[in-house]
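Quick notes on the structure that follows.
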Amino acid sequence: MKKRWVALMLGTAIAVTAGCGGAATGTKEEAGSANGDKKGTAEPAAGLDKIDKPVTLVVFDTTGNWTKDNFAEAFSGSNIMQKFPNVTLKFMPFHKTRGGLTTDEMIAAGEQIDLIVGSPGTVGAGMYNQKLEADIAPLVKTLGFDLSRLNPGAVSIVKEVGNGTLHGIPFAMSHTAMMYNKDIFDKFGVAYPKDGMTWDDTYELAKKLTRTDGGKAYYGMFVSFYHAALRNQSSLNLFDPNSGKSAFDSAAWKSFYGNFSRFYDLYDLNATQVVAAQQKKMWDEEQVVAMYMPGSGDPAVKGLKNYDYVQSPVFKEKPGVGPQAYPFTMYISQTSKHKEEALKVINYLVSDEYQKAKAEEGTFIPALKDNKYLDVFGKSNPSYQGKNVKALLPAVHADSSKWNAFTGTYAKEALNAFIDIAIKTKDANTALREGVERADKAVQTSTFK
């Protein structure tokens with residue numbers, strides 16, 4: 001797929017620009033402009049459009065979604081380096097699996113870090129633990145950056161993760177769609193899923209599609225539980241906002257776990273097969289999964305041709321309410337010597353020009369409050385022609401749960417507890433009790449306070 005910003009879509013792209021962005025439905029906090037007197041969708045101040053001196057900005061990815069090639073494609077042509085000829089962008093992928101380094105390795109090597117790409121679930125371990133966060137509110141005010149143009153729900157989450165401080169700017173949203181393999185449905189004579197289905201409806205479909213045929217096992221539905229927990233449609237908190245203790249062992253959470261574990265009761269899986277990376281492989285490469293909800297990232301599918309999107313299933317008690325908004329954010333490192341130039345680059349990332357271009361390419365869903373560019377999503381990309389791209393957004397986003405820099409830690413242990421339940425090594429009560437204990441210990445021993 002040409003010019004695809006891989007890391008940002010499924011959690012970032014498809015779902016949210018409109019979903020998260022436009023409506024920002026389901027958020028309680030409105031984001032105002034930096035100086036409190038700007039509202040609407042007017043373009044940012046002209047002073048943000050010029051960078052007169054040559055500067056190299058190092059962009060570090062904490063999400064693990066980008067490779068150097070993906071990054072180069074996303075910023076090539078008429079994009080950032082053409083907008084700012086004096087700017088050279090140097091991309092550093094996350095971890096050796098992507099050809100890069102971890103945050104700790106970057107710091108130990110004395111590498112420059114100016115901009116940090118993160119999601120609510122990755123910046124705790126990838127930025128806050130290393131104390132790289134910078135309060136950019138004063139700079140936002142000085143340069144006249146207009147926050148009110150952005151999805152208020154996304155801005156609210158960024159501030160919550162930062163304990164009330166603005167450390168970054170959301171520039172893309174995650175999609176919320178469920179994907180399905182038409183070939184598997186056709187093979188077994190089952191009608192395709194539809195927008196507006198409940199989780200109960202989806203479970204009934206999954207039962208029909210879970211079977212062995214020709215010696216090959218087929219699975220009705222997989223979901224990334226990590227993202228399902230982070231963005232849960234019931235607006236449950238993973239932690240107690242007063243005590244900071246884990247809270248995913250409550251009665252409400254047990255019911256939430258039960259909704260998803262029943263799907264896995266249909267299968268005979270090992271621990272690896274319940275992790276998102278292997279599930280994606282089984283969906284995309286092995287093509288043995290009928291329905292798949294990754295919950296974050298790139299909505300495009302490489303290995304599969306005959307597929308489409310359908311809105312995320314909903315709980316019958318909350319018709320039309322999809323997953324919570326989940327922004328991808330560009331943070332400015334406190335170690336950067338080029339903070340002003342970094343914010344100017346971010347300003348272009350959220351400009352109408354850039355957001356519209358990336359929406360048309362199908363690169364990511366915009367993070368603007370105005371969702372006018374959702375209608376042109378994928379317009380110039382053959383991969384999305386004929387697809388139900390409007391399903392990438394829910395009719396309404398669930399109200400945002402509480403967030404902090406450790407939310408990713410809570411979600412990680414919530415996933416580990418789910419794996420124990422899904423592969424039937426522990427009962428739900430034991431798995432959840434041990435999960436919250438692990439999460440609380442991890443938070444207590446963290447260097448970020």
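Relative orientation of the Phe256 and Phe315 rings is tilted, given thresholds of 30° and 60° on the angle between their planes. Taking the six-membered ring where tryptophan is involved, the planes of Tyr257 and Phe225 are tilted, since the angle between them lies from 30° to 60°.
Residues Gln324 and Ser235 have side chains that never bring a donor and an acceptor to within less than 3.5 angstrom of each other. For the residue pair Thr363 and Glu361, a side-chain donor N or O sits within less than 3.5 Å of a side-chain acceptor on the partner.
With sequence neighbours left out, the ring-ring contact (aromatic ring centres under 6.0 Å, His included) criterion links Phe91 to Trp66, Phe71. Residues passing the ring-ring contact (aromatic ring centres under 6.0 Å, His included) test with Phe239, sequence neighbours excluded: Tyr410. Listed by chain and number, the residues in a ring-ring contact (aromatic ring centres under 6.0 Å, His included) with Trp283 are Tyr292 (sequence neighbours excluded).
The closest side-chain heavy-atom distance from Asn181 to Val289 is not below 4.5 Å. Between Met92 and Met106, the closest side-chain pair of non-hydrogen atoms falls below 4.5 Å. A 4.5 Å side-chain heavy-atom check between Asn404 and Asn163 finds at least one atom pair inside the cut-off.
Not a single donor-acceptor pair under 3.5 Å links the side chain of Arg231 to the backbone N or O of Ala398. In this structure, the side chain of Thr407 does not engage the main chain of Gly121 through any donor-acceptor pair within 3.5 Å. Put simply, the side chain of Asp308 gets close to the backbone of Asn388: a donor and an acceptor are under 3.5 Å apart. Looking at Ser336, its side chain never comes within 3.5 Å of a backbone N or O of Ile332 through a donor-acceptor pair. A side-chain donor-acceptor contact under 3.5 Å links Thr62 to the backbone of Val117. Listed for the Thr63 side chain is no donor-acceptor partner under 3.5 Å among the backbone atoms of Gly118. The backbone N or O of Tyr348 lies less than 3.5 Å from a partner atom in the side chain of Ser351, making a donor-acceptor pair. A side-chain donor-acceptor contact under 3.5 Å links Ser401 to the backbone of Leu236. Remark: side-chain polar atoms of Tyr354 are not paired, donor with acceptor, to backbone N or O of Asn347 under 3.5 angstrom. At least one donor-acceptor pair under 3.5 Å links the side chain of Gln334 to the backbone N or O of Lys131.
How far CD of Gln112 is from OG of Ser333: 9.0 Å, rounded to the nearest 0.5 Å. Interatomic distance, CE of Met293 versus CE of Met179, reported as 9.5 Å (0.5 Å rounding). To the nearest 0.5 Å, atom CG of residue Asp240 and atom OG of residue Ser246 are 10.0 Å apart. To the nearest 0.5 Å, atom CG of residue Asp195 and atom CE of residue Met197 are 8.5 Å apart. Separating the CD atom in Gln444 from the NZ atom in Lys245 is a distance of 4.5 Å, to the nearest 0.5 Å. Residue Leu48 holds its CG atom at 10.0 Å from CG of Asp146, rounded to the nearest 0.5 Å.
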Begin from the C-alpha positions of His227 and Tyr326 and carry the test side-chain hydrogen bond (donor to acceptor under 3.5 Å, both in side chains) through to its verdict. CA-CA 9 Å; His227 292 97; Tyr326 193 78; 4.8 Å; no
Could you go through the side-chain contact (heavy atoms from CB on, under 4.5 Å) check for Ile157 and Glu160 one step at a time? CA-CA 5 Å; Ile157 289 174; Glu160 275 205 66; 5.5 Å; no
Just do the side-chain hydrogen bond (donor to acceptor under 3.5 Å, both in side chains) check on Gln355 and Asp352 with the steps written out, would you? CA-CA 5 Å; Gln355 294 270 305; Asp352 278 336; over 6 Å; no
Candidate pair Asn381 and Ser383, rule side-chain hydrogen bond (donor to acceptor under 3.5 Å, both in side chains), full reasoning: CA-CA 5 Å; Asn381 192 322; Ser383 298; 3.2 Å; yes
What's the verdict on side-chain contact (heavy atoms from CB on, under 4.5 Å) for Tyr309 and Tyr384, showing C-alpha distance, side-chain angles and the deciding distance? CA-CA 10 Å; Tyr309 308 105; Tyr384 295 105; 3.3 Å; yes
Show your reasoning for whether side-chain contact (heavy atoms from CB on, under 4.5 Å) applies to Ile169 and Ile136. CA-CA 9 Å; Ile169 304 295; Ile136 64 172; 4.0 Å; yes
Walk me through whether Leu238 and Asn232 qualify under side-chain contact (heavy atoms from CB on, under 4.5 Å). CA-CA 10 Å; Leu238 283 160; Asn232 75 85; 5.6 Å; no
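Legend: salt bridge (charged side-chain N to carboxylate O under 4.0 Å, His left out) pairs involving residues 384-398, not counting sequence neighbours: none detected. For residues 329-341, the pairs satisfying salt bridge (charged side-chain N to carboxylate O under 4.0 Å, His left out) are Glu340-Lys344, with sequence neighbours left out.
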Output side-chain donor-acceptor pairs under 3.5 Å for residues 51-60, partner residues at least two apart or in another chain, one line each.
none

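Electrostatic pairing of Glu360 and Lys379 does not count as a salt bridge here, judged by no charged N lying under 4.0 Å from a carboxylate O.
Here Phe364 and Phe328 keep their ring centres 6.0 angstrom or further from each other. The ring of Phe260 has its center no closer than 6.0 angstrom to the ring center of Tyr264. Taking the six-membered ring wherever Trp is involved, the centroid distance between the rings of Tyr219 and Phe222 falls below 6.0 Å.
Other residues, nucleotides and ligands contribute only 12 or fewer heavy atoms inside 6.0 Å of the NZ atom of Lys441.
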